[in-house]
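To start, the structure under review is shown below, and the notes come after it.
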Amino acid sequence: ILEGQLLFRRDGLLARQFRSPVLYNSEFRIPNSEFGRSPINPNLKRYKPKEKDNIMTNENAKTLAVRVVARLLETGKTLATAESCTGGLIAARVTDVPGCSAIFLGGCVTYTNEIKQKLLGGKAETLAAHTVYSAPVAAQMAAGAAALAGAEYGVGITGIAGPTGGLPGIPVGTVFIAIHGPQGTFVRRAVWTNRSRQDVRIRAATAALDMLRRAVQNLPQPDAVRYA
């Protein structure tokens, strides 16, 4: 490891960058330098272990997708996706990985409530009671995607990427991410405020892939609630 290089680890996943560090919640080391500061970037803020708003990039999404595909190939399981605010970013990352055709059955971008009901079996009463930006809807999307494709795993994601569209109690940048699999259906609520539309979308897709990685590796889902 070179002087000043940043090394971050989360459940064995490594990310090394010099100017755009990826902050995770578990381990943070800078060899031969003061903790929380980089000799090549003295303006880097000190790392806060309890901070939930991790910096997520497209590069991380690619790494996570590779690990997800590899694990699904190893176990012989399959995947389907249902996306709203991310507009297909999760499916795009998965299909970037060579060999994904053996495990990825398909994905759909279900933007309107009507399409969510027709394709994914979303319930009108759930949409009316909780709004489309909610954990129950994300859970139905994930389970619906898996059922529609006949896959063992399904991803459902819905939220408000912005810059407008916030609701009372659901600010712009709120995203609900659901993973459906043999262990059940888990949903996480994430909020990224004061971010661009594209940044929210990238963060949401990366967070979804991280949850999916945990699911296929039978790891716990921190900050997620089990729905079924």
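Being a predicted model, the structure only gives us computed values, none of them experimental.
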Does any non-hydrogen side-chain atom of [Y] lie less than 4.5 Å from one of [X]?
| X | Y | answer |
| --- | --- | --- |
| Val172 | Pro163 | no |
| Arg189 | Thr174 | yes |
| Lys123 | Gln140 | yes |
| Tyr133 | Leu167 | yes |

Examine [X] and [Y] and state if one hydrophobic cluster contains both, with Ile, Leu, Val, Met, Phe, Trp and Tyr joined whenever side-chain heavy atoms are less than 4.5 Å apart.
| X | Y | value |
| --- | --- | --- |
| Ile90 | Leu120 | no |
| Val225 | Leu219 | no |
| Leu105 | Leu73 | no |
| Val66 | Leu89 | no |

Could you measure the distance from the [atom1] atom of [X] to the [atom2] atom of [Y]? Nearest 0.5 Å is fine.
| X | Y | atom1 | atom2 | value |
| --- | --- | --- | --- | --- |
| Ser134 | Leu127 | OG | CG | 7.0 Å |
| Thr63 | Arg67 | OG1 | CZ | 9.0 Å |
| Ile179 | Gln221 | CD1 | CD | 6.5 Å |
| Thr112 | Leu119 | OG1 | CG | 8.5 Å |
| Trp192 | Ile160 | CH2 | CD1 | 13.0 Å |

Verdict with supporting geometry, Val175 and Thr158, side-chain contact (heavy atoms from CB on, under 4.5 Å): CA-CA 6 Å; Val175 180; Thr158 180; over 6 Å; no
What is the minimum heavy-atom distance between [X] and [Y], and which atoms define it?
| X | Y | answer |
| --- | --- | --- |
| Ala82 | Ala145 | CB-CB, 3.8 Å |
| Val191 | Pro171 | CG1-CG, 4.2 Å |
| Val187 | Ala139 | CG2-CB, 3.8 Å |
| Ala142 | Gly156 | CB-N, 3.4 Å |

Check against side-chain contact (heavy atoms from CB on, under 4.5 Å), Leu212 and Leu79: CA-CA 10 Å; Leu212 183 58; Leu79 169 68; 3.7 Å; yes
Expected output: side-chain [X] to main-chain [Y] donor-acceptor under 3.5 Å:
| X | Y | answer |
| --- | --- | --- |
| Glu83 | Ala91 | yes |
| Arg214 | Pro220 | yes |
| Lys116 | Gly121 | no |
| Arg226 | Gln183 | yes |
| Arg197 | Gly162 | yes |

CA sep, side-chain torsions, deciding dist, call: Phe104, Val69, side-chain contact (heavy atoms from CB on, under 4.5 Å): CA-CA 8 Å; Phe104 185 64; Val69 171; over 6 Å; no
Full working for side-chain contact (heavy atoms from CB on, under 4.5 Å) between Tyr153 and Val216: CA-CA 8 Å; Tyr153 290 92; Val216 300; 4.0 Å; yes
